Amino acid sequence: MSWDIKNRNWSGTIVTISTAIFAIVSIVSVFLSTTNWLTQREAARPYFTFKESPLINLTNELSFEFKFNNVGTHPAINLCSMSIVFDEDLLQEPVHIDDYSVVNDIPRDTTISLLLNIKNTDFLKADINPQFIIISLSYRDLITRKSYFQTIYTKWAGVVAQKPQPLVHVEEREKQKILNYLKFHHLMDIH
């Protein structure tokens, strides 16, 4: 009889250990599935990139046309932008500040244009010093309702011999100086 009780305790222990291992494997499996799902959801978020190089037009005013493309899977809603143009020397007040909002949803692979027109006659002269153009975007994911922020740092080489120069991305070493400038002038909360 004591042999029978020992066998039952041994088999009960094996069943208990097996159940505990199964429970741990199940918890790990749920954790990995949830993590994978969250990663896939984040990868599907809306995200804006330049569709092509910005167009620069100099006539009686200076205009920049930025074309952004939603390369994310989810549509974006409530897109707002704030654009600031200021001299590379970081000593002067901004030349141009502009807010822009888009009413419509922006589905995947849809292009939107952001047009900056600068009509400042003091600024528009034969040659224009290099300028920073900072564009802060905020929008929401239509599916998840999560808000996102993007800041695009560009540098325009200005006008030399009445010819508009190209626009390039800002170098990493210039970013902190730009952030200090924006903070000093209480211009925007960069994300």
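As the structure is a prediction and not an experimental result, all values here were calculated from the model. Note that the numbering runs from 1 along the sequence shown for the chain. Values reported hereafter were calculated over all heavy atoms of this structure, with side chains retained and with hydrogens, waters and symmetry mates removed.
Hydrophobic clustering (ILVMFWY, side-chain heavy atoms < 4.5 Å, transitive): V71 and V102 are in one cluster. Residues L167 and V95 are members of one and the same hydrophobic cluster, defined by side-chain heavy-atom contacts under 4.5 angstrom among Ile, Leu, Val, Met, Phe, Trp and Tyr. Under a hydrophobic-cluster definition in which Ile, Leu, Val, Met, Phe, Trp and Tyr are linked whenever side-chain heavy atoms come within less than 4.5 Å, directly or via other members, Y148 and F50 are assigned to the same cluster.
Not a single donor-acceptor pair under 3.5 Å links the side chain of D87 to the backbone N or O of Q92. Within the 3.5 Å criterion, the main-chain N or O of Q131 finds no donor-acceptor partner in the side chain of E88. In terms of modelled atom types and a separation under 3.5 Å, the side chain of D105 and the main chain of P107 share no donor-acceptor contact. Looking only at distances, a side-chain donor or acceptor of Q165 sits under 3.5 Å from a matching main-chain atom of K163.
Here the CG atom belonging to L116 is positioned 7.5 Å from the OG atom belonging to S81, to the nearest 0.5 angstrom. Rounded to the nearest 0.5 Å, atoms CZ (F68) and CD1 (I106) are 10.5 Å apart. In this structure, S63 OG and L58 CG are separated by 8.5 Å, a value rounded to the nearest 0.5 Å. A distance of 6.0 Å separates CG of L79 from CG of L137, quoted to the nearest 0.5 Å. Once rounded to the nearest 0.5 Å, the distance linking OH of Y153 with CG of L179 reads 4.5 Å. Rounding to the nearest 0.5 Å places OH of Y181 at 9.0 Å from CG of L91.
The closest side-chain heavy-atom distance from F132 to I84 is not below 4.5 Å. The shortest side-chain heavy-atom distance between I97 and M82 falls under the 4.5 Å cut-off. Counting heavy atoms from C-beta on, the side chains of I133 and I135 come closer than 4.5 Å. Taking 4.5 Å as the limit, every side-chain heavy atom of T154 sits out of range of all side-chain heavy atoms of W156. The shortest side-chain heavy-atom distance between N117 and H96 does not fall under the 4.5 Å cut-off. With contacts defined as side-chain heavy-atom distances shorter than 4.5 Å, the pair F64/I118 qualifies. The shortest distance between side-chain heavy atoms of R45 and K146 does not fall below 4.5 Å. Using a 4.5 Å heavy-atom cutoff, the side chains of L62 and I56 are in contact.
Screening E65, K67, K51 for a side chain to side chain donor-acceptor pair (under 3.5 Å) with S113, the sole residue that qualifies is E65.
Ring centers of F48 and Y139: under 6.0 Å apart, within the cut-off.
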- Before giving the answer on side-chain contact (heavy atoms from CB on, under 4.5 Å), spell out for I178 and F86 the whole-Å C-alpha distance, their side-chain angles and the decisive distance to 0.1 Å. CA-CA 10 Å; I178 293 168; F86 52 96; 3.8 Å; yes
- Message: Walk me through whether E52 and N69 qualify under side-chain contact (heavy atoms from CB on, under 4.5 Å).
- Response: CA-CA 9 Å; E52 54 194 49; N69 194 34; over 6 Å; no
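Taking a 6.0 Å sphere around NE2 of H185, one finds it holds more than 12 heavy atoms contributed by other residues, nucleotides or ligands.
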